[in-house]
2 protein chains.
Amino acid sequence: MARPLGFRRDRVVEAATRTFLQHGLHAASAEELCRATGLGRSSLYNSFGSKDALFDECLGTYLDQTLERTETILGDTARPVRDRIAILLRRIAVEEAERVAAGEPRGCLAVNTVAELADDPEYAGSMRRVDEDTAARLRLLADALRVGQAAGEVTDAVSAEGLAAFVNAAIAGLRITSQGGTAAGRLDDIVVATLRALAP
Amino acid sequence: MARPLGFRRDRVVEAATRTFLQHGLHAASAEELCRATGLGRSSLYNSFGSKDALFDECLGTYLDQTLERTETILGDTARPVRDRIAILLRRIAVEEAERVAAGEPRGCLAVNTVAELADDPEYAGSMRRVDEDTAARLRLLADALRVGQAAGEVTDAVSAEGLAAFVNAAIAGLRITSQGGTAAGRLDDIVVATLRALAP
DNA sequence: CAAATTCTGGAACGAACATTACATATCGAT
DNA sequence: ATCGATATGTAATGTTCGTTCCAGAATTTG
């Protein structure tokens, strides 16, 4: 064996994710990533290969964690479907408020990645990751909403897939709105209004 | 007098805006802006000063044009308020579909600017522009929605300001969703669902 | 304790970037 | 037709970027 790493990989990914969320992929320089993670250039490149590879790992873990939490909330079949969606949306509003309080950057890495890299063929791999995550999230939402429709608890004026796309868009809108500097109370209004759209 | 410009400034701004929308501010290189506008480096810098200044002009005209169209639609007092909001949202969905058909980049420069520059102090000036535009748009929406509430045509379960923030967030969500590659039909679903939230 | 292996810090590299300088071309006015 | 003034094309500049290299430090295994 040999000398062990002087840092915990997940902590580094966490710090790098914050940096990417704050500045985006292009504007986050290697120097800034080193400062944020506490690593030297050599350690960073030895452990992650390149800035793009580090970004991909950050994006991947971010998407996995977010999708898992969504799965947990939507999978709570004891609750009415609309309550689950309400919890999902409110959790985002709360998380954004916490970020403000902690001085951490607001917004969503997936949303910002779409905004920054959607049309860049060089990052098609990252975008494919986001697309797959979005597809999985839409599936979870549509499945839940379909159950809600069958129970008469959710409107069927729009298909379950359409409502899923709506909820997903609402989440993106919520995150962009927060990133723009909107206060927590207003985010709650957006959540309440979003939920109204689902009522029968 | 002297030699006149060999190009129309508004056309150049239009082409540059497309480039910034597609790649973002950081990833749009001077070379790419020259290619897109057909100008040489000298002409570009002589006429606009710097890449940042060009971006600011593109952003300013984009915001002005978009706000003006919003104003026109929401100011049509002959129609019910909810119809005006419906037209506003549908126009976005149609515009995004047209972009796809024309091979032009999708999404919204204002949304992407928030995603890319919200936390960068160096571009606080650009962000202030976006903030002012957002404030103006929220005012227009809230005024219209208040009228709708007074007429019993719009729900008052949420304040007019809250509903305005919701509609604004819905627009951002719609544009990000489109940028992610969602088809036009799904965008229509999102519009229909969004409108449901406003019903009394 | 020594050897093997890996990590780490700092300097250095080539490429790409935004921007500028300069010579030349082009136009309006006289 | 010529002059003044500005636009344009090309080449160059200084800087910043991502990345690599190398020497030395650290830690486990034998």
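Residue numbers begin at 1 in each chain, while the letters A, B, ... track the order of the sequences. Excluded from the calculations below are hydrogen atoms, water molecules and symmetry mates; all remaining heavy atoms, backbone and side chain alike, are included.
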Give, for atom CG of A:L21 and atom NE2 of A:H23, the distance between the pair rounded to the nearest 0.5 Å.
10.5 Å
Which label fits A:F7 and A:F48: parallel for a plane angle under 30°, tilted from 30 to 60°, or perpendicular past 60°?
parallel
Is A:T70 close to A:L141 at the side-chain level, that is, under 4.5 Å between some pair of heavy atoms?
no
Do B:R9 and B:V12 come close enough that some side-chain heavy atom pair is under 4.5 Å?
no
Under 4.0 angstrom, heavy atoms only, what part of the nucleic acid is B:L39 near: base, sugar-phosphate, or nothing?
nothing
Can you check the B:R9 CZ to D:dT8 P distance for me, whole Å?
12 Å
Given salt bridge (charged side-chain N to carboxylate O under 4.0 Å, His left out), test A:R146 with A:E161 step by step and report yes or no.
CA-CA 8 Å; A:R146 213 182 335 268; A:E161 289 79 13; 2.9 Å; yes
Does B:R186 come within less than 4.0 Å of B:D189, counting only side-chain N to carboxylate O?
yes
Output the rounded distance in Å from CG (B:L44) to P (C:dT19).
10 Å
Can you tell me how far C1' of C:dA16 sits from NE2 of B:H23, to the nearest Å?
16 Å
Restricting to nitrogen or oxygen on both sides, can you table the protein-nucleotides 18-25 of chain D pairs closer than 3.5 Å?
from   : atom 1 : to    : atom 2 : distance (Å)
D:dG18 : OP1    : A:A28 : O      : 3.4
D:dG18 : OP1    : A:K51 : NZ     : 2.6
D:dG18 : OP2    : A:A30 : N      : 2.7
D:dT19 : OP2    : A:Y45 : OH     : 2.7
D:dT19 : OP2    : A:K51 : N      : 2.9
D:dT19 : O4     : A:R41 : NE     : 2.7
D:dC21 : N4     : A:S42 : OG     : 3.3
D:dA25 : N3     : A:R3  : NH1    : 3.0

note: B:F48, atom CZ; C:dA18, atom P; distance rounded to Å ~ 16 Å
B:L54 CG to C:dA18 C1', straight-line distance once rounded to whole Å
13 Å
Taking CG from B:L33 and C1' from C:dC17, how many angstroms apart are they, rounded to a whole number?
12 Å
A:F7 near the nucleic acid: base, sugar-phosphate alone, or nothing, with a heavy-atom cut-off under 4.0 Å?
sugar-phosphate
For B:N46 and C:dT26, what is the distance between atoms CG and C1' respectively, to the nearest whole Å?
14 Å
